There are 2 protein chains.
Amino acid sequence: MNRQALSREKVAGLLRQHGITPTHQRIEIAHALFERGEHLSADRILALVNARHAETSKATVYNTLKLFLKKKLIRELIIDPAKVVYDPNTAAHHHFYDVVTGKLTDVPADDIRVSGLPPLPKGTVAEGVDIIIRTRPQS
Amino acid sequence: MNRQALSREKVAGLLRQHGITPTHQRIEIAHALFERGEHLSADRILALVNARHAETSKATVYNTLKLFLKKKLIRELIIDPAKVVYDPNTAAHHHFYDVVTGKLTDVPADDIRVSGLPPLPKGTVAEGVDIIIRTRPQS
DNA sequence: GGGCTGAATTAGACGAAGTCCAGGGTTTGT
DNA sequence: ACAAACCCTGGACTTCGTCTAATTCAGCCC
């Protein structure tokens with residue numbers, strides 16, 4: 001029952017810890033993301049929070065996701081040209097991406113080492129490294 | 001003054017080598033990409049080929065880019081959420097991406113080694129690995 | 001509790017990227 | 001030359017995401 005153990009009170013606390021005023025809509029959106037722990041697109045989140053009860057507008061979903069992003073509560077994954085997805089897992093990790101099915105799988109970053117990187121362009125500082133291993137179903 | 005190092009005849013040959021019928025429009029599109037060697041978006045290519053002369057439709061630009069992609073003449077880069085860009089450099093390489101300015105810089109893959117990757121999800125085979133180093137201007 | 005104020009939310013119009021389609025042109029093989 | 005196959009086109013359409021002006025809410029002060 002651990003999965004359903006995520007209460008809305010805890011979500012509200014999480015938001016406060018990150019300096020986010022916990023409104024109803026924000027709590028529902030955060031809950032949808034963190035309860036599942038899955039990669040979700042904006043329109044999927046919109047459908048999920050509205051399926052449950054009440055109404056949350058498209059604008060609020062987008063506003064809220066951007067806010068969460070700025071507060072580093074979630075990550076944004078730009079992998080599928082048609083849709084940005086949001087990742088509630090902010091621990092260092094990378095992704096397998098099946099180019100045929102669209103399925104995304106987390107790859108823990110623990111053991112991954114990248115060597116031989118050239119110096120950064122001058123005047124810039126590193127922000128992060130994303131590694132995407134594209135796969136396809138075995139034929 | 002033939003300052004164009006890349007003639008349209010050579011482009012046509014390149015297309016033929018890849019099994020692509022070299023039409024007028026395809027030659028212009030390929031020329032735009034390979035003469036510059038830059039990362040270009042579809043709408044930038046549309047503007048470039050039409051600035052030169054004649055008319056090439058948006059549909060043709062998109063069709064042609066997909067065709068080039070399938071024939072592995074170019075690569076598709078999904079990095080900026082707002083716009084897919086096409087990369088005429090098909091040699092193994094990765095990218096620096098400045099999240100503030102949007103500037104993309106090639107990183108030769110020569111010396112890069114990635115270790116510690118877990119096994120692929122079963123039933124899948126690797127298609128390629130993309131590494132994106134996100135940077136921001138030094139403040 | 002009642003009221004205040006700035007922050008949050010809303011509906012819906014809008015914008016941009018990309019897709020689709022039916023009609024017409026162009027190539028190619030014979 | 002003829003047909004078949006392939007290619008291109010304008011423009012309507014879809015989808016994702018943004019913007020705006022008006023309304024509602026959160027939370028603090030009394």
Side-chain angles (χ1 to χ4, degrees), chain A residues 8-9 11-32 39-50 52-71 73-74 76-86 99 102, chain B residues 8 11-13 15-16 18-32 39-50 52-71 73-74 76-87 99 102:
Chain A
R8 282 171 174 71
E9 286 73 26
V11 173
L14 182 68
L15 297 185
R16 281 201 195 85
Q17 282 171 29
H18 284 79
I20 298 168
T21 306
T23 66
H24 286 215
Q25 291 87 343
R26 288 172 178 174
I27 290 172
E28 287 306 313
I29 293 169
H31 191 266
H39 308 102
L40 296 176
S41 61
D43 68 339
R44 186 119 170 65
I45 291 169
L46 180 63
L48 284 171
V49 298
N50 283 331
R52 198 169 188 291
H53 64 60
E55 296 278 326
T56 298
S57 75
K58 187 170 57 152
T60 295
V61 170
Y62 281 100
N63 287 342
T64 300
L65 288 171
K66 276 193 180 156
L67 176 65
F68 287 0
L69 205 55
K70 196 170 65 184
K71 300 292 189 174
L73 207 61
I74 59 177
E76 186 181 46
L77 301 182
I78 301 154
I79 296 184
D80 185 305
K83 207 163 287 192
V84 173
V85 300
Y86 295 88
V99 297
Chain B
R8 281 170 173 70
V11 172
L15 296 185
R16 280 198 199 86
H18 288 260
I20 298 168
T21 309
T23 66
H24 226 230
Q25 291 87 342
R26 289 172 178 175
I27 291 172
E28 288 305 315
I29 292 169
H31 190 267
H39 309 102
L40 296 176
S41 61
D43 69 338
R44 186 116 170 68
I45 291 170
L46 181 63
L48 284 170
V49 298
N50 282 331
R52 197 171 188 289
H53 64 59
E55 296 279 326
T56 298
S57 74
K58 186 171 56 154
T60 296
V61 170
Y62 280 101
N63 287 341
T64 301
L65 289 171
K66 277 192 180 156
L67 176 65
F68 287 0
L69 205 55
K70 196 170 63 182
K71 300 292 189 176
L73 205 64
I74 59 177
E76 188 181 45
L77 302 182
I78 301 153
I79 296 184
D80 185 307
K83 206 165 286 191
V84 173
V85 300
Y86 295 90
D87 189 339
V99 296

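Reckoned from all heavy atoms, side chains included, excluding hydrogens, waters and symmetry mates. Sequence lines set the chain letters: A, B, ... in the order given, protein chains first and strands last, and positions in each chain run from 1. Remember, it's a predicted structure, so these values are computed and weren't measured experimentally.
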field: A:Tyr86 side, atom OH; A:Leu73 side, atom CG - distance, nearest 0.5 Å
entry: 13.5 Å
message: Between B:Arg8 and B:His31 (side chain of the first, backbone of the second, donor and acceptor by atom type, cut-off under 3.5 Å), is there such a pair?
response: no
- request: Evaluate the side chain to side chain contact (heavy atoms under 4.5 Å, CB included) criterion for residues A:Lys58 and A:Tyr62: first the C-alpha distance (whole Å), next the side-chain angles of each, then the deciding distance (0.1 Å), finally the verdict.
  value: CA-CA 6 Å; A:Lys58 187 170 57 152; A:Tyr62 281 100; 3.6 Å; yes
Expected rows: protein N/O vs nucleotides 26-28 of chain C N/O, under 3.5 Å:
none

task: Could you state the atom-to-atom distance from CD1 of A:Ile20 to C1' of D:dG27 in whole Å?
output: 17 Å
query: Could you walk me through whether A:Leu69 and A:Leu65 pass the side chain to side chain contact (heavy atoms under 4.5 Å, CB included) check?
result: CA-CA 6 Å; A:Leu69 205 55; A:Leu65 288 171; over 6 Å; no
task: Rounded to the nearest angstrom, tell me the gap between atom CG in B:Leu46 and atom P in D:dG11.
output: 14 Å
- request: Check whether any side-chain nitrogen or oxygen of B:His24 sits under 4.0 Å from OP1 or OP2 of D:dC7, and answer yes or no.
  value: no
Value in whole Å for how far the P atom of D:dG17 lies from CG of A:Leu67: 17 Å
task: Nearest whole angstrom, please: distance from the C1' of D:dC16 to the CD1 of A:Ile45.
output: 14 Å
- prompt: Does A:Gln25 place a side-chain N or O at less than 4.0 Å from the phosphate oxygens OP1/OP2 of D:dC25?
  reply: no
query: Taking CG from A:Leu69 and P from D:dG17, how many angstroms apart are they, rounded to a whole number?
result: 12 Å
- request: Might you work through the side chain to side chain contact (heavy atoms under 4.5 Å, CB included) test for B:Ile27 and B:Leu15, ending with a clear yes or no?
  value: CA-CA 8 Å; B:Ile27 291 172; B:Leu15 296 185; 4.1 Å; yes
message: Pick the closest DNA chain D nucleotide for A:Asn63 and for A:Pro22 by heavy atoms, then say which residue is nearer the 5' end.
response: A:Asn63
query: Closer than 4.0 Å, any side-chain N/O of A:Ser57 to the OP1 or OP2 of C:dG12?
result: no
field: Spacing between A:Leu77 atom CG and D:dC16 atom C1', to the nearest angstrom
entry: 17 Å
task: Look at all strands and tell whether B:Thr60 reaches a base, only sugar-phosphate, or nothing, counting heavy atoms closer than 4.0 Å.
output: base
query: Between the side chain of B:Asp87 and the main-chain N/O of B:His39, is any donor-acceptor distance below 3.5 Å?
result: no
Between NZ on residue A:Lys71 and OG1 on residue A:Thr64, distance to nearest 0.5 Å: 13.0 Å
query: What residue among A:Leu46, A:Leu48, A:Ile74 forms side chain to side chain contact (heavy atoms under 4.5 Å, CB included) with A:Leu40?
result: A:Leu48
Output one line per pair: protein atom, nucleotide atom from nucleotides 15-19 of chain C, and distance, for all N/O pairs under 3.5 Å.
from, atom 1, to, atom 2, distance (Å)
C:dA17, OP1, B:Lys83, NZ, 2.8
C:dG18, OP1, B:Val84, N, 3.4
C:dG18, OP2, B:Tyr62, OH, 2.9
C:dG18, N7, B:Lys58, NZ, 3.4
C:dG18, O6, B:Lys58, NZ, 2.8
C:dT19, OP1, B:Lys66, NZ, 3.0
C:dT19, OP2, B:Lys66, NZ, 3.4
C:dT19, O4, B:Lys58, NZ, 3.4

- request: To the nearest Å, give me how far apart CD (A:Glu28) and P (C:dT9) are.
  value: 12 Å
query: Over how many whole Å does the gap from B:Glu55 atom CD to D:dG10 atom P extend?
result: 6 Å
- line: Here the gap from B:His24 atom NE2 to B:Thr60 atom OG1, rounded to the nearest 0.5 Å, amounts to 13.0 Å
